[in-house]
Amino acid sequence: MYYRSLFPRDLLAELERLQRDVQQTVEPGPSIRGQRRGYPALNVGGTPNAVEIYAFAPGLDPATLDVQLEKGILTIAGERQRSAVPEQATEHIGERFAGRFRRVVSLPDDIDPNSIVARYRDGVLHVSVQRREETQPRRISIQ
Amino acid sequence: MSDTNQAPKSADATREDAALLPPVDVVEDAGGITLYADLPGVPKDRLSLHVEADVLTIDGEVVLDAPEGMELTHTEVGLPRYRRQFTLSKELDAGKVKASFEHGVLTLRIPKAEHAQPRRIEVQVV
């Protein structure tokens, strides 16, 4: 997430980057879907062989989770039920998300749509997408 | 029951101490309080619940199966730990707390002490 300049002397650029990062965490992003952060929270990482997406989606029935990959766009959608408040009970704090959700991740071009694995454990949905073999790094011998 | 996490306790809290504040729901009925907390990514054996004096501490460590050499490119959950503290009020019986933890959601039931169970008080019209 944090882009570091290769040329550390460019202090102004670094300051600008810092300002941008601060702004992004405070203000809503320019995304057409509104929130930059929503439910579930996402971490995205990569290795030379695969792209790993972690969706922090606690309290779901894995069977109701809808994970789709279409044209390089990964969509995670579902619904989380509100915890029932019995009659004559008072809700003091209500911070947990409830309702329908949908989050969309645009994946890089070199992924293989046929080798995708999704697991749900401890409230985290982990989607692992392999990269295509011909695009994986290989050593080129010098003749 | 009040949330004591709003103000940082001390400015010199170490970096290792840094933790995310998990979202909670708290519902009270006549028999006690039910607390739900979202702690995604915490395995059962890394969750710790602690009551000392009248302070309830929820502490959980996030464990993700990341392949070796993975570099994160986008991070919304930036710390591998959740922590939140609540001050229990006197009528709650901290010794009888029941906890369950499933799919990253912790459910705590804190009953009210016997003597604090509601009683109907007759209003006499004089």
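Everything numeric in this text was worked out from a predicted model, so none of it was measured. So you know, we letter chains A, B, ... as the sequences are listed, proteins then strands, and number each from 1.
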Which atom pair, heavy atoms only, marks the closest approach of B:His103 to A:Pro62?
NE2-CD, 4.1 Å
Nearest heavy-atom approach of B:Pro40 to A:Ala57 is CB-N, 4.4 Å
Flag yes if more than 12 heavy atoms outside A:Arg82 fall under 6.0 Å of its CZ atom; otherwise flag no.
no
With rounding to the nearest 0.5 angstrom, report the CD1 to OH distance, A:Ile93 to B:Tyr36.
13.5 Å
Closest non-hydrogen atoms of A:Asp122 and B:Pro43, given as atom of the first, atom of the second and distance, are OD2-CA, 3.5 Å
Let's test your reading of the structure: which of A:Gly59, A:Gly46, A:Gly94, A:Ala89 forms the most heavy-atom pairs below 4.5 Å with chain B?
A:Gly46
Counting only N and O atoms by type, is there a donor-acceptor contact under 3.5 Å from the side chain of A:Asn43 to the main-chain atoms of B:Thr75?
no
Are there more than 12 heavy atoms of other residues, nucleotides or ligands under 6.0 Å from atom CG of A:Asp66?
yes
Whatever's closer than 4.5 Å to a heavy atom in chain A on B:Val42 counts as backbone
Could you check whether A:Arg80 pairs with B:Asp38 (Lys NZ or Arg NE/NH1/NH2 to Asp/Glu carboxylate O, under 4.0 Å)?
yes
Roughly how far apart are A:Glu52 CD and B:Glu71 CD, rounded to 0.5 Å?
13.0 Å
Do NZ/NE/NH1/NH2 and the carboxylate oxygens of B:Arg84 and A:Glu95 come within less than 4.0 Å?
yes
Do you know which of B:Leu64, B:Leu39, B:Thr107 has the most heavy-atom pairs with chain A at a distance under 4.5 angstrom?
B:Leu64
How far does CG of B:Asp25 sit from CD of A:Glu91, to the nearest 0.5 angstrom?
5.5 Å
Side chain / backbone / both / neither for A:Leu60 at chain B, heavy atoms under 4.5 Å:
backbone
In short, A:Arg96 meets B:Val105 closest at the heavy-atom pair NH2-CG1, 3.4 Å
Should we say atom CD of A:Glu79 is surrounded by more than 12 heavy atoms from elsewhere, each under 6.0 Å from it?
yes
On a heavy-atom basis, the closest approach of B:Gly104 and A:Pro58 is O-CB, 3.7 Å
Just so I understand: if I count every heavy-atom pair under 4.5 Å between each of A:Val124, A:Thr47, A:Thr90 and chain B, which residue has the most?
A:Thr90
Chain B contact via A:His126 - side chain, backbone, both or neither, heavy atoms under 4.5 Å
side chain
ILVMFWY cluster, B:Val63 and B:Leu106 together (side-chain gap under 4.5 Å):
no
Donor-acceptor under 3.5 Å (A:Tyr54 side chain, B:Asp65 main chain):
yes
